[in-house]
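Quick caveat: nothing in here was measured; it's all calculated off a predicted structure.
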Amino acid sequence: MGSVWLLMLVFVAHTALVLTLFFLAYDYFGYIILASLVLQQLLTALVFNISGGRLHPVLYGLLAILGGFFIVIARYFFTNERSGLAFKSIFVRCVFIAQILVMLTLFDIWIINRPGYVIFSFIASALVSVYILLTKRGGEERAISIFLTFLLFGFGYLVFLLSGIMPYFSAFRRRYNRQEGLEGRCENGFSSLNLHSYGCEEIKYFKSGEELFESLLLSIESAKKSIYLEFFIYDEGQLFSSILSVLEKKARQGLDVRIIYDDVGTSHSAKGNFKELKGAGVKSVAYNPVCPLFNTFLQYRDHRKNAVIDGEVAYLGGVNVSDEYVNKAQLFGTWKDAGACVRGSAAAVFENEYLRQWYAISGEKTKMPVIKEHKESKEAIPFFDGMEKKKKICKSVYIKCIESAKRELTIMTPYFVVDGETLRAIKNRAKAGVKVNLIVPGVADKPYVDLITRQNSESLMKYGVKVYRAAGTFTHAKVILSEELACVATANFDYQSFTKSSECGIISYDGELMCQIRQDTCQVLEKSREVTEEMRLTHKPLLFMGACLNRLISTLM
């Protein structure tokens with residue numbers, strides 16, 4: 001009877017998982033999911049019957065009731081955009097793990113009487129673990145990979161091998177590399193990363209989402225040739241409606257209007273609006289569409305937030321197209337964000353990257369931009385990261401920015417879920433006498449991530465780093481400032497941004513930009529509360545234990 005109940009639990013989990021994802025999917029993906037459900041349920045029944053069990057019809061009825069109840073709850077979360085934002089983020093990150101556990105249960109039933117496979121699996125897992133140790137991954141990432149390989153015994157080595165294949169991104173990379181990038185000057189501190197400097201007529205910093213979108217809407221209104229948008233989140237609301245109405249008008253005027261959106265971050269209703277705008281000439285494509293067949297690349301997302309207008313001005317930063325980013329809706333206190341825009345040759349680089357990304361996703365070739373010669377007084381170093389790149393850029397850029405500091409260093413980030421290498425870079429600056437300020441949110445959007453943020457940031461305090469929590473505010477800005485340079489980007493200080501997401505940003509030595517950012521960070525510090533020794537997590541045993549447990553799976557966040 002134990003096997004029957006075990007299989008019933010597997011059925012409930014798998015049916016609930018797949019049918020819930022049906023409400024996250026659209027178009028033909030829904031049919032693929034249903035086909036997946038039928039095939040995998042047949043496989044389950046086949047394996048169970050081969051192993052000598054029988055499944056009573058009453059259990060199917062119970063399965064339908066429990067699955068239906070789960071679907072009703074999940075459908076509420078996914079269709080209620082405000083309530084579903086945090087739930088959706090957590091749920092999608094759990095899908096991969098849930099799929100593995102369901103299939104592992106079935107696999108274990110199959111191999112119970114096959115000791116030869118058990119021996120083979122142990123040898124395969126050991127070889128994979130040795131390979132992981134020899135890779136250039138960070139220490140924590142290698143540790144968790146080996147841990148999962150053996151935890152999912154009999155199956156873990158297959159998961160690792162499949163995660164290295166990623167056929168979707170293989171085709172993605174090939175198309176991306178067929179389009180040539182733009183070359184600029186390489187005489188800068190980031191030449192070792194093959195990052196080039198480009199001229200700018202103007203570099204401007206925005207200390208809030210309101211300021212950035214006000215300027216962006218004006219640029220869209222005055223656009224004459226093209227409007228290219230790429231954001232992680234598009235969500236129904238006042239901001240989304242105001243942008244959409246302008247895009248429709250411009251597309252009907254004959255401008256080239258394109259939208260890249262992440263299939264996880266973007267809401268159902270926003271996707272529906274994109275389809276409706278197709279008739280007006282607005283093109284849209286989804287990055288890494290959600291298809292919950294067994295896959296190992298669901299967590300690889302497009303986390304960029306940038307817009308390029310006429311190839312002459314480019315916007316980027318932490319802001320998404322949703323009302324909370326401009327404080328028209330309050331989800332986690334006051335929303336503090338930041339961004340920047342560049343005009344001139346550097347903007348053409350963003351346009352080039354956007355069109356390469358478009359071709360990689362859609363397969364549609366487009367004439368690539370050419371940098372026009374300008375007498376530009378300023379310079380910027382754009383950088384881009386993602387699955388199309390051979391090397392992970394963001395983490396290396398951030399560490400180099402940290403190492404540039406000789407007197408002062410300020411970091412503002414919503415999440416601080418980093419590895420030992422990043423922590424050591426900050427510790428070394430503090431030990432060298434650099435005044436280091438780390439600003440993290442006072443109000444957390446994800447409490448389980450905030451625990452790791454607190455533990456990591458507070459571990460720096462004994463080296464002289466001052467940690468500040470912005471009172472009543474969720475700081476979503478991604479900014480690094482030293483006396484040498486400034487960096488404004490879309491990437492968080494976490495494993496997701498460093499290893500699994502497409503990101504972008506700019507680095508600049510421009511004094512005016514650095515002055516604007518310094519004024520903003522000083523204002524934030526005035527309204528923030530410094531974390532003291534008495535406030536640390538080590539004085540709160542339960543929270544400290546929770547943070548330690550969260551760190552075990554932090555590479556999956």
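For the residue pair S322 / Y234, no side-chain donor-acceptor distance below 3.5 Å is found, with atom types taken as modelled. The closest side-chain donor-acceptor pair between Y205 and D520 falls under 3.5 angstrom. Side-chain contact, E230 with Q357: a donor N or O sits under 3.5 Å from an acceptor N or O. No donor-acceptor contact under 3.5 angstrom links the side chains of T413 and N492, judged on distance only.
Take F498 and apply the ring pair (Phe, Tyr, Trp, His ring centres under 6.0 Å) test, not counting sequence neighbours, and it matches Y398.
Using cut-offs of 30° and 60° for the angle between ring planes, the F332 and W335 rings count as tilted. The aromatic rings of F474 and Y415 lie tilted to each other, with the angle between the two planes from 30° to 60°. F190 and Y509 have tilted rings, their planes meeting at an angle from 30° to 60° on a 0 to 90° scale.
The salt bridge (charged side-chain N to carboxylate O under 4.0 Å, His left out) pairs that include a residue from residues 340-357 are E202-R343, R304-E353, E353-K389, where partners are two or more places apart or lie in different chains. Residue pairs meeting the salt bridge (charged side-chain N to carboxylate O under 4.0 Å, His left out) criterion with at least one member in residues 399-414, sequence neighbours excluded: E408-R518.
Ring to ring, F240 and F231 are not that close: their centroids are 6.0 angstrom or more apart.
Here the closest non-hydrogen pair linking F416 and T453 is N-OG1, 3.0 Å.
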